[in-house]
Structure formats: C-alpha cells, structure tokens
Number of protein chains: 2
Amino acid sequence: MLHPLLRALIAAELPVLEEHDVSMWGYAVLTGLDDTPVRTQAALAEAIGADKSRIIGTLDELQDAGLIERTPDPSDRRVRLLSITPKGRRVRRAVRKDIRGHEDRVLAPLPAADRQAFLRVLRHFYDTR
Amino acid sequence: MLHPLLRALIAAELPVLEEHDVSMWGYAVLTGLDDTPVRTQAALAEAIGADKSRIIGTLDELQDAGLIERTPDPSDRRVRLLSITPKGRRVRRAVRKDIRGHEDRVLAPLPAADRQAFLRVLRHFYDTR
DNA sequence: CGAAATCATACGCTTATGCATATGATCTAC
DNA sequence: GTAGATCATATGCATAAGCGTATGATTTCG
C-alpha cells in the first residue's frame with residue numbers, strides 16, 4: 001500500500017518541481033523556512049529530516065538562485081541564520097499551489113466529506129510529527 | 001503536506017519489516033504475489049515498480065527463505081514463474097497486520113469517520129496510481 | 001531458416017543518502 | 001583560562017537504486 005503511494009506522489013510531484021527548477025530537498029527547505037521563517041541550518045536540517053552536511057549543497061543552490069539568504073547570527077558567530085526571500089516564498093507557494101492542484105484532481109472523484117476528512121488527518125500527522 | 005505523512009509511515013513500516021526479517025522490496029514482492037499469485041519475473045518487477053535486474057537478489061533471498069518459489073514455465077523455457085508459498089503468505093499477512101496495527105494506533109485519536117475516510121482516500125490513490 | 005525479440009541473470013556507472021569523521025572558528029561551563 | 005561542545009563545511013565509506021549493456025538460451029515472425 002505504502003510503496004505504490006510513495007511512487008505515485010513522487011511521480012506527481014517531480015514534474016512540478018522541475019517546472020519551477022526546484023529540487024525535492026530544495027522544496028522541503030523552502031517549505032520549512034516559509035513555515036518558520038528564521039532558523040539555524042542545523043535546526044532546519046533536523047526539522048525537515050535532512051542530513052546537515054548533505055543539505056549544504058542544496059542551500060548553496062537556493063542561495064545562488066536568490067530563494068534564501070544566510071545571515072550571520074549576531075549573538076553567535078558560529079551560526080548563519082537562514083531565511084526565505086520574497087522570491088523564495090513566491091516560488092514555494094507556486095509549487096504548493098500546483099501540487100495541490102494535482103492532488104485536487106486526483107481527489108475530485110471522491111465525496112467532499114472524504115476529502116475534508118483526509119485533509120484533517122493529514123493535518124493531524126503534520127501536527128504530531 | 002504529504003511529506004511528513006510519508007516519513008511517519010516509513011518510520012512505522014521499517015521496524016515491522018525488520019522484525020519479520022523482510023526487506024521493503026521483499027515485502028513488495030510478497031504483496032504483489034499474494035495479490036496476483038503466479039507471474040513472470042518481468043511482469044512482477046513491472047507491477048511493483050522494481051528494476052528487473054536488481055530484483056533478482058531479493059527474489060533469491062525470498063526463495064532461500066522459503067517464502068516464494070520459482071517454477072519453470074512449461075510453455076516457454078525462458079521463463080520462470082513466481083509464486084508465493086503458504087509460509088510467504090503467512091509472513092506477508094503478519095507484516096500487513098502489524099503495519100495496520102501501528103497505523104491504527106497513530107490514527108486512534110481521530111474520530112472513526114475520519115479514519116475510515118482517510119483509508120478510503122488512500123485506497124483511491126492506490127487504485128488510480 | 002534466420003534475424004530479431006525476449007527471458008533471467010550479471011554487472012558497470014552514476015547518483016543519492018545515511019552515518020561517521022575531521023577541520024577551523026566560536027561558544028559555554030567549570 | 002581551558003577543555004569540551006557546537007556551528008557550518010567538507011569528505012570518506014557503504015549501501016541502494018536507476019538505467020544501460022551484455023550474455024546464453026529460447027521464442028517469434030517474416
């Protein structure tokens with residue numbers, strides 16, 4: 001059950017991400033920063049389940065693309081705080097909109113009550129994660 | 001939005017699979033064969049989204065463990081038909097039961113109607129894949 | 001009949017990822 | 001003041017997986 005679901009979701013998501021020139025981890029970063037705007041790299045990596053070393057390359061790309069910024073933390077010179085740029089926020093929300101659009105099309109044949117319930121359960125997962 | 005859900009489900013599934021000494025691909029194979037009992041290796045690999053070469057090792061392991069069998073196809077000497085053994089079926093169903101059990105515990109705080117709807121929607125995703 | 005296709009199998013190459021280690025700079029606590 | 005911890009960064013190692021190629025045996029089709 002799970003495995004085909006995973007494959008279907010990835011298959012749905014990848015073309016959207018490609019269209020916006022964002023990687024999967026890139027999108028996860030943007031999402032994390034959009035939801036909680038300023039974070040240390042370590043905290044963000046933990047929050048999105050990424051390896052703190054491996055995520056560096058992704059951060060570099062996002063920074064080069066002007067989607068995020070790294071700012072030295074005045075209270076701790078080891079730390080660079082991450083934040084999303086307005087451009088990054090726009091990209092993230094556009095991607096989310098497109099992905100939601102696809103999900104909505106998949107869900108469309110189902111009764112509205114089921115759709116609402118599904119979203120409620122997802123929110124539950126998200127909140128308890 | 002779906003991403004945390006998937007991480008949670010994967011996190012739930014892996015320990016169960018380890019407990020039963022089955023890999024993820026192994027479980028996918030058992031599931032595929034349980035659902036459609038006799039298949040060529042190529043057909044099964046395609047059905048579960050596996051690479052037909054890479055799946056050979058998994059099939060070897062499952063065969064060694066007595067969970068599946070490979071039988072020459074009398075009508076085509078190139079082909080070996082796969083089938084699940086009664087032991088394989090028992091393992092698959094035990095794993096499924098445990099995974100479901102865990103999912104049920106995660107979903108327990110939610111109203112029953114939401115749970116049912118959630119499962120219905122997941123099934124819909126699965127069917128429209 | 002013979003060329004092309006197909007089966008299972010093996011393996012090369014590349015990429016991604018998890019985990020570990022290491023570095024230099026900085027911070028914290030004793 | 002100093003040892004230990006932590007930050008971001010880089011990289012090694014092992015594993016898994018996708019895709020491609022190749023092989024020998026067999027089948028299909030013109």
Side-chain angles (χ1 to χ4, degrees), chain A residues 2-15 17-18 21-29 32-33 36 38-64 68-83, chain B residues 3-4 6-15 17-18 21-29 32-33 36 38-64 68-83:
Chain A
L2 172 62
H3 192 63
L5 177 64
L6 181 64
R7 303 188 71 85
L9 291 171
I10 289 172
E13 210 169 283
L14 277 187
L17 293 173
E18 275 171 32
D21 203 28
V22 179
S23 68
M24 262 188 77
W25 281 118
Y27 181 55
V29 168
L33 289 178
T36 305
V38 180
R39 289 178 127 158
T40 67
Q41 291 181 202
L44 178 80
E46 164 131 26
I48 67 173
D51 181 286
K52 70 187 176 202
S53 295
R54 298 294 180 210
I55 205 72
I56 304 274
T58 299
L59 296 178
D60 291 343
E61 286 163 20
L62 292 175
Q63 183 171 3
D64 291 346
I68 67 168
E69 282 176 337
R70 292 193 247 204
T71 316
D73 182 350
S75 64
D76 185 341
R77 286 171 63 186
R78 296 170 298 183
V79 169
R80 295 211 278 173
L81 296 173
L82 297 174
S83 57
Chain B
H3 192 62
L6 291 175
R7 301 190 74 85
L9 291 175
I10 289 170
E13 203 167 292
L14 282 184
L17 292 173
E18 275 172 33
D21 203 28
V22 178
S23 67
M24 261 189 77
W25 282 117
Y27 181 57
V29 167
L33 290 178
T36 305
V38 180
R39 288 178 127 157
T40 67
Q41 291 181 200
L44 177 80
E46 165 130 25
I48 66 173
D51 182 287
K52 69 188 176 199
S53 296
R54 298 294 178 210
I55 206 71
I56 305 277
T58 299
L59 296 178
D60 290 343
E61 285 164 18
L62 292 175
Q63 183 171 1
D64 291 346
I68 67 168
E69 283 176 339
R70 294 197 248 205
T71 317
D73 183 348
S75 64
D76 184 342
R77 286 169 62 182
R78 295 171 298 185
V79 170
R80 295 211 278 172
L81 296 172
L82 297 174
S83 58

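Naming: A, B, ... by sequence-line order, numbering from 1 per chain. Keep in mind the model is a prediction, meaning the values are calculated, not measured.
The two residues A45(A) and K52(A) come nearest to each other via the heavy atoms CB-CA, 3.9 Å. Taking both residues in full, the closest heavy atoms of G49(B) and W25(B) are given as O-CH2, 3.5 Å, listed atom of the first, atom of the second, then distance. Nearest heavy-atom pair across T58(B) and S23(B) is CG2-OG, 4.3 Å.
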Using nucleotides 27-30 of chain D, report all nitrogen or oxygen pairs with the protein that are shorter than 3.5 Å.
from, atom 1, to, atom 2, distance (Å)
dT27(D), OP1, R77(B), N, 3.0

Every protein N/O within reach of nucleotides 13-16 of chain D N/O, cut-off under 3.5 Å:
from, atom 1, to, atom 2, distance (Å)
dC13(D), N4, R54(A), NH2, 3.3

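Residues R39(B) and D51(B) both approach DNA chain C. Their nearest nucleotides, taken by heavy-atom distance, put R39(B) toward the 5′ side. The nearest heavy atom of DNA chain D to V79(A) and to G57(A) marks one nucleotide each, and the one closer to the 5' end goes with V79(A).
In this structure, CG of L82(A) is placed 8 Å from P of dA8(D), rounded to the nearest angstrom. Between the CZ atom of R80(A) and the P atom of dA25(C) there is a distance of 15 Å, rounded to whole Å. With rounding to whole Å, E69(B) atom CD is found 18 Å from dA8(C) atom C1'. A straight line from CG of L81(A) to C1' of dC7(D) spans 11 Å, rounded to a whole angstrom. Counting to the nearest Å, the P atom of dA8(C) and the CG atom of L59(B) are 9 Å from each other. Between the CZ atom of R70(B) and the P atom of dA8(C) there is a distance of 9 Å, rounded to whole Å. Between the CD1 atom of I56(A) and the P atom of dT17(C) there is a distance of 15 Å, rounded to whole Å. Remark: C1' of dA17(D) and CD1 of I48(B) are 13 Å apart, rounded to the nearest angstrom.
Looking only at side-chain heavy atoms (C-beta outward), T40(B) and D76(B) stay at 4.5 Å or farther from each other. Contact check for I55(B) versus L44(B): no side-chain heavy atoms found under the 4.5 Å cut-off.
In this structure, the separation between OG1 on T71(A) and CG on L81(A) is 6.5 Å, given to the nearest 0.5 Å. We find the CD-CD1 distance between E61(A) and I68(A) to be 10.0 Å, quoted to the nearest 0.5 Å.
Residues passing the side-chain contact (heavy atoms from CB on, under 4.5 Å) test with Q41(B) are I56(B), L59(B), R70(B), R80(B), L82(B), sequence neighbours excluded.
Atom CG of D60(B) is surrounded by more than 12 heavy atoms from other residues, nucleotides or ligands within 6.0 Å.
At the phosphate of dT9(D), OP1 or OP2 sits under 4.0 Å from a side-chain N or O atom of Q41(A).
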